[in-house]
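What follows is a set of notes on a single structure, which appears directly below.
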Amino acid sequence: MARYGLQLVQDWPVIWDAVDCLAPLYRQAISLGVNRPLQIISILETPRLQWYERWLTSQFPAILTISQIDQHALQNNNPYADRIHVAPLGIPIPPLPPITERSKNILVITGTLNYHPNVAAVHYFVNKIFPLVLKQKPDVQLQLVGAHPDPSIQALRSASIEITGFVPSLYEYLQRATIALAPVTYGTGTQIKVIEAFLTETPLVATSVAVRGLDIQHQEQALIADTPADFAAAILRLLDDPTLHTRIGQAGKQYAEQHHNLSQTTAQLIEQYAGIIGK
């Protein structure tokens, strides 16, 4: 899409909203991708993408990224570093109905289920973590909620795993779930699934990759775990501790409302636009 901007930038003040720095995502996919073709593509595309993203920062008067981590990745050894700014992710705060009662022992993973980091995350959880949970809690159910499930995800359907495909509202599933999961093994930017879980007060268990760029702390707004054993233990802990369950959920919602309210982030975005127009 930046190519369209390049056609306009000579006559208009154009901001390139890069969102993420993508070269690191493809670099991670070389070793963490879910299939060999993706890994081969990533080997070929990573250096090309790194060069192209760097070149694009020289072509626009301002560049926006979604987190400081992505900003720093684009700024590294870049003579145009001062053009790169952070525009935090903002989403509408939905008028959700009050939660009367959650389902018991329901885990949920949300996201577009043919996006390769999400596919890798699902397989990581199902293969490495879920068996450890089922060993202690055989009645736990996993819901994989999102559009376009990859064939390899469709093949995971079982008595313990539900695959919904597209649903009109992710929030309905999150509000009914006991725990939201973000077992992300590689990625960039801000994970929308994390913010959506926060907004529904659904306590979250996530990897540190899933919460990169967010100012949240382990055992405050979420439980953060980076090994299968630790991730499973965090889930079991939330299932067995109603007080912790409630506290984590409430803290997550407060964080999302304070840092990712669309009206506030839009005001910051308008300031960026006005600054470029003023120049």
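Residues take their numbers from the sequence shown, with the count starting at 1.
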Under 4.5 Å between any side-chain heavy atoms of [X] and [Y], yes or no?
X: N105; Y: L239; answer: yes
X: Y273; Y: L269; answer: yes
X: W16; Y: V9; answer: no
X: K128; Y: T227; answer: no
X: P228; Y: L132; answer: yes
X: V122; Y: D150; answer: no
X: Q221; Y: V211; answer: no
X: I248; Y: L204; answer: no

Inset, instruction - Given side chain to side chain contact (heavy atoms under 4.5 Å, CB included), test V119 with I153 step by step and report yes or no. - result: CA-CA 7 Å; V119 175; I153 289 182; 4.1 Å; yes

Inset, instruction - Please determine if R48 and E45 form a salt bridge, counting it only when a charged side-chain N lies under 4.0 Å from a carboxylate O. - result: yes

How long is the gap from [atom1] on [X] to [atom2] on [Y], to the nearest 0.5 Å?
X: D139; Y: K104; atom1: CG; atom2: NZ; value: 6.5 Å
X: I63; Y: D82; atom1: CD1; atom2: CG; value: 9.0 Å
X: Q254; Y: H259; atom1: CD; atom2: NE2; value: 8.5 Å
X: E201; Y: Q175; atom1: CD; atom2: CD; value: 9.0 Å
X: C21; Y: L49; atom1: SG; atom2: CG; value: 7.5 Å
X: R83; Y: F60; atom1: CZ; atom2: CZ; value: 10.5 Å

So, for [X] and [Y], which heavy atoms are closest and what is the spacing to 0.1 Å?
X: S263; Y: N261; value: OG-OD1, 2.9 Å
X: A120; Y: L32; value: CB-O, 4.1 Å
X: T265; Y: G90; value: OG1-CA, 3.2 Å
X: L238; Y: P203; value: CD1-CB, 4.1 Å
X: A18; Y: L74; value: CB-CD1, 4.5 Å
X: L6; Y: Q59; value: CD2-CB, 3.5 Å

Evaluate whether atom [atom1] of [X] has more than 12 neighbouring non-hydrogen atoms of other residues, nucleotides or ligands under 6.0 angstrom away.
X: H148; atom1: NE2; answer: no
X: K137; atom1: NZ; answer: yes
X: I69; atom1: CD1; answer: yes
X: Y26; atom1: OH; answer: no
X: E220; atom1: CD; answer: yes
X: Q258; atom1: CD; answer: yes

Under a 4.5 Å side-chain heavy-atom rule over Ile, Leu, Val, Met, Phe, Trp and Tyr, are [X] and [Y] clustered together?
X: L107; Y: L113; answer: yes
X: V184; Y: V145; answer: no
X: V86; Y: V19; answer: no
X: I93; Y: L89; answer: yes
X: V133; Y: I161; answer: yes

Does the side chain of [X] pick up a donor-acceptor pair with the side chain of [Y] at under 3.5 Å?
X: Q250; Y: R247; result: no
X: Y186; Y: H116; result: yes
X: R176; Y: Q143; result: no

Mark yes or no for whether [X], through its side chain, and [Y], through its backbone, hold a donor-acceptor pair below 3.5 Å.
X: T65; Y: S67; value: yes
X: Q272; Y: H85; value: no
X: R54; Y: N76; value: yes
X: T202; Y: L174; value: yes
X: D241; Y: T243; value: yes
X: T200; Y: A197; value: yes
X: T207; Y: P183; value: no

Inset, instruction - Take I109 and L142 through the side chain to side chain contact (heavy atoms under 4.5 Å, CB included) test and state the conclusion after the steps. - result: CA-CA 8 Å; I109 298 176; L142 173 65; 4.2 Å; yes

Legend entry - Worked verdict on D230 versus R237 for salt bridge (Lys or Arg N to Asp or Glu O under 4.0 Å): CA-CA 10 Å; D230 288 345; R237 184 180 172 194; over 6 Å; no

Legend entry - Test log, rule side chain to side chain contact (heavy atoms under 4.5 Å, CB included), inputs I195 and L214: CA-CA 10 Å; I195 309 303; L214 300 177; 4.2 Å; yes

Inset, instruction - Assign the ring pair H260 / Y255 to parallel, tilted or perpendicular, where the plane angle (0 to 90°) is split at 30° and 60°. - result: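 Ring orientation of H260 relative to Y255: tilted.
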
Legend entry - Working for side chain to side chain contact (heavy atoms under 4.5 Å, CB included), residues L64 and I15: CA-CA 7 Å; L64 303 180; I15 291 177; 3.7 Å; yes

